Amino acid sequence: MTKRLCVLGNSHMAAFATAVENGATRWPGMVLDMFGAHGDALSRFEVRDGRFQSDDAEARARLSHLVGRDAFALTEYDGFVVTGLHVSVFTFVRMFRELSSVDMPSVKGALSALEDGRPLASTAMLRAYGTERLMRTAGMKLALMLRAACDAPVFIASQPRPSGRVRERGGTYLGFTQLAARGDGDFVSDWFDRETEALCAAEGLHFIAQPAETVEEGLFTTESFLRGSTRLAKRKGLAHDEDDVLHANAEFARLMVDKVAVAMNLPIAA
């Protein structure tokens, strides 16, 4: 029996849409529908009377333009995949710019961390702080809303790490540059994957981590999984600018969908 799943997200949903268009026969036991839009449109939706819908006309119009509909019944689907929407290593990069752990490679002792302006924090504090930040993300809020409203499995797919080219940019990405230079990239990456998986499990959700083969130095996505990414637009094949450092391509999404298929015991064609 074929399982029908809905992928919900922001601009990162485009990679999934392209992967499905280019290789639908790869997942013979699964049909994937898309429901999303740029920015915060999905944050204006709610589950009401068994339907995922919105009273916001502008948000509905954005969804209708991009995916051809502006609501759906939860019973239409056997599962849900939430992608993007800030469930990302960014959350922990920001945290470890402010605080540090004695287990970090760059911390030789309490004094070195303090001298760098990064106070040491206990594991318990870091976990609590990280959990609070994750729970505030639009992706976690959406996944929890769906989980509370139905018994179907809800997956959270990690937003891809940025390109290593962000080292040249500073600003928003300064934390990535600093942590990588200190040798803390793998530590922060492992912390994000481990803590997010634990939080999702505790909330009855399924976390799909970024595939290891797409990650370099812990904090970055290998360039081959970013090149050729497409925009989330009704007109197919509209590519991101060459200097885009955030959006993954269809090959990346294919690996993520493979993980969902395995979790649901569905076949993957060669």
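Here the structure is a predicted model, which is why all the values come from computation and not from measurement.
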Exercise. Does some side-chain heavy atom of Met30 sit less than 4.5 Å from a side-chain heavy atom of Asp78?
Worked result: no
For this session: Apply the test side-chain contact (heavy atoms from CB on, under 4.5 Å) to residues Phe155 and Thr83: give CA-CA distance (whole Å), side-chain angles for both, the deciding distance (0.1 Å), then the verdict.
Result: CA-CA 8 Å; Phe155 298 89; Thr83 183; over 6 Å; no
For this session: Give the intermediate values and the outcome of salt bridge (Lys or Arg N to Asp or Glu O under 4.0 Å) for residues Arg167 and Glu217.
Result: CA-CA 12 Å; Arg167 294 183 185 91; Glu217 298 181 63; 2.3 Å; yes
Exercise. In terms of side-chain geometry, is the basic nitrogen of Arg165 or Glu168 positioned less than 4.0 Å from the acidic oxygen of its partner?
Worked result: no
Exercise. Quick one: side-chain hydrogen bond (donor to acceptor under 3.5 Å, both in side chains) pairs with a partner in residues 134-158, sequence neighbours left out?
Worked result: Glu132-Arg136
Exercise. In terms of hydrophobic clusters joined by side-chain contacts under 4.5 Å, are Leu226 and Phe220 together?
Worked result: no
For this session: Please report the shortest heavy-atom distance between Ala157 and Val81, naming the atom on each side.
Result: CB-CG1, 4.2 Å
Exercise. Asn249 side chain to Phe252 main-chain N or O, any donor-acceptor pair under 3.5 Å?
Worked result: yes
For this session: Mark yes or no for whether Lys259, through its side chain, and Ala209, through its backbone, hold a donor-acceptor pair below 3.5 Å.
Result: yes
Exercise. Is the closest side-chain donor-acceptor distance between Ser163 and Glu223 under 3.5 Å?
Worked result: yes
Exercise. How would you list all residue pairs meeting ring pair (Phe, Tyr, Trp, His ring centres under 6.0 Å) that involve residues 118-145, not counting sequence neighbours?
Worked result: none
Seminar exercise, completed: For Gly139 and Val87, the nearest pair of non-hydrogen atoms, with its separation, is CA-CG2, 3.8 Å
Problem set entry | Student check: side-chain heavy atoms of Leu8 and Leu85 closer than 4.5 Å | no
Exercise. Taking atom CD1 of Ile268 and atom CG of Asp258, what is their separation to the nearest 0.5 Å?
Worked result: 4.0 Å
For this session: Kindly indicate, with the supporting measurements, whether the criterion side-chain contact (heavy atoms from CB on, under 4.5 Å) is fulfilled by Asp190 and Phe92.
Result: CA-CA 10 Å; Asp190 291 345; Phe92 291 90; over 6 Å; no
Problem set entry | Pro153 versus Met264, closest heavy-atom pair with distance | CG-CE, 4.1 Å
Problem set entry | Separation between CD of Gln210 and OG of Ser189, rounded to the nearest 0.5 Å | 7.5 Å
Seminar exercise, completed: Here the pair of heavy atoms bringing Pro211 nearest to Val215 is O-CG2, 3.6 Å
Exercise. Do the side chains of Leu42 and Phe52 get nearer than 4.5 Å, heavy atoms only?
Worked result: yes
Problem set entry | side chain to side chain contact (heavy atoms under 4.5 Å, CB included) partners for Ala148, two or more places apart | none
Exercise. Honestly curious: do Val31 and Val262 fall in one hydrophobic cluster under the side-chain, below-4.5 Å linking rule?
Worked result: no
Exercise. Taking a hydrophobic cluster as the set of Ile, Leu, Val, Met, Phe, Trp and Tyr residues connected by side-chain heavy atoms closer than 4.5 Å, whether directly or through intermediates, do Leu255 and Val257 fall within one such cluster?
Worked result: yes
Problem set entry | Gln159 side chain vs His86 backbone, donor-acceptor pair below 3.5 Å | yes
For this session: Check side chain to side chain contact (heavy atoms under 4.5 Å, CB included) between Ala73 and all other residues, then give those that pass, not counting sequence neighbours.
Result: Arg51, Thr75, Glu76
Problem set entry | Residue pair Val260 / Leu5, side-chain heavy-atom distance below 4.5 Å | yes
Problem set entry | side-chain contact (heavy atoms from CB on, under 4.5 Å) between Leu99 and Leu126, worked out | CA-CA 8 Å; Leu99 303 169; Leu126 290 168; 4.0 Å; yes
Problem set entry | Point-to-point distance, once rounded to the nearest 0.5 Å, from CZ of Arg182 to OG1 of Thr177 | 11.0 Å
Exercise. Who are the ring pair (Phe, Tyr, Trp, His ring centres under 6.0 Å) partners of Phe96, not counting sequence neighbours?
Worked result: Phe187, Trp191
For this session: Rounded to the nearest 0.5 Å, what's the gap from CG on Leu246 to OG on Ser11? Could you check?
Result: 8.0 Å
Exercise. Who are the salt bridge (charged side-chain N to carboxylate O under 4.0 Å, His left out) partners of Asp33, not counting sequence neighbours?
Worked result: Arg4
Exercise. Is it true that Ile156 and Met135 fall in one hydrophobic cluster, defined by side-chain heavy atoms closer than 4.5 Å?
Worked result: yes
For this session: Hey, could you give me each pair passing ring pair (Phe, Tyr, Trp, His ring centres under 6.0 Å) that has a residue in residues 1-31? Not counting sequence neighbours.
Result: His12-His247
For this session: Report yes if some heavy atom in the side chain of Leu219 is under 4.5 Å from a heavy atom in the side chain of Val93; otherwise report no.
Result: yes
Exercise. Centre of Phe45's six-membered ring, under 6.0 Å away, within 45 degrees of the axis: is that where NZ or CZ of Arg60 sits?
Worked result: no
Problem set entry | Heavy-atom check, side chain of Leu120 versus side chain of Ser101, under 4.5 Å | no
Exercise. With sequence neighbours left out, what residues match Asn265 under side chain to side chain contact (heavy atoms under 4.5 Å, CB included)?
Worked result: none
For this session: Give the C-alpha distance, both sets of side-chain angles, the deciding distance and a yes or no for ring pair (Phe, Tyr, Trp, His ring centres under 6.0 Å) between Phe35 and Phe72.
Result: CA-CA 9 Å; Phe35 194 86; Phe72 64 80; 5.0 Å; yes
For this session: State plainly whether one hydrophobic cluster holds both Met13 and Leu66, where clusters connect Ile, Leu, Val, Met, Phe, Trp and Tyr through side-chain heavy atoms under 4.5 angstrom apart.
Result: yes
For this session: Could you note down all residue pairs passing salt bridge (Lys or Arg N to Asp or Glu O under 4.0 Å) where residues 92-102 supplies at least one of them, sequence neighbours left out?
Result: Glu98-Arg133
Problem set entry | All salt bridge (charged side-chain N to carboxylate O under 4.0 Å, His left out) counterparts of Asp55, not counting sequence neighbours | Arg48
Exercise. Which heavy atom in Pro28 sits nearest to a heavy atom in Pro267, and how many Å separate them?
Worked result: CD-O, 3.7 Å
For this session: Only counting residues at least two apart or in another chain, list the ones meeting side chain to side chain contact (heavy atoms under 4.5 Å, CB included) with Arg62.
Result: Ala37, His38, Asp40, Ala41, Arg44, Glu58
For this session: Could you go through the side-chain contact (heavy atoms from CB on, under 4.5 Å) check for Thr222 and Glu213 one step at a time?
Result: CA-CA 8 Å; Thr222 303; Glu213 60 265 44; over 6 Å; no
Problem set entry | Pair Thr18-Thr230, side-chain donor/acceptor within less than 3.5 Å | yes
Can I get a per-line list of side-chain donor-acceptor pairs under 3.5 Å for residues 192-208, giving both atom names and the distance, sequence neighbours left out?
from   : atom 1 : to     : atom 2 : distance (Å)
Asp193 : OD1    : Arg161 : NH2    : 3.4
Glu195 : OE2    : Arg127 : NE     : 3.2
Thr196 : OG1    : Phe192 : O      : 2.6

Exercise. Taking all non-hydrogen atoms of both residues, which atom of Val166 and which atom of Pro162 are closest, and how far apart?
Worked result: CG1-CB, 3.9 Å
Problem set entry | Val47 side chain near Leu74 side chain, heavy-atom distance below 4.5 Å | yes
Exercise. So do the side chains of Asp184 and Gln178 get within less than 4.5 Å of each other, counting heavy atoms only?
Worked result: no
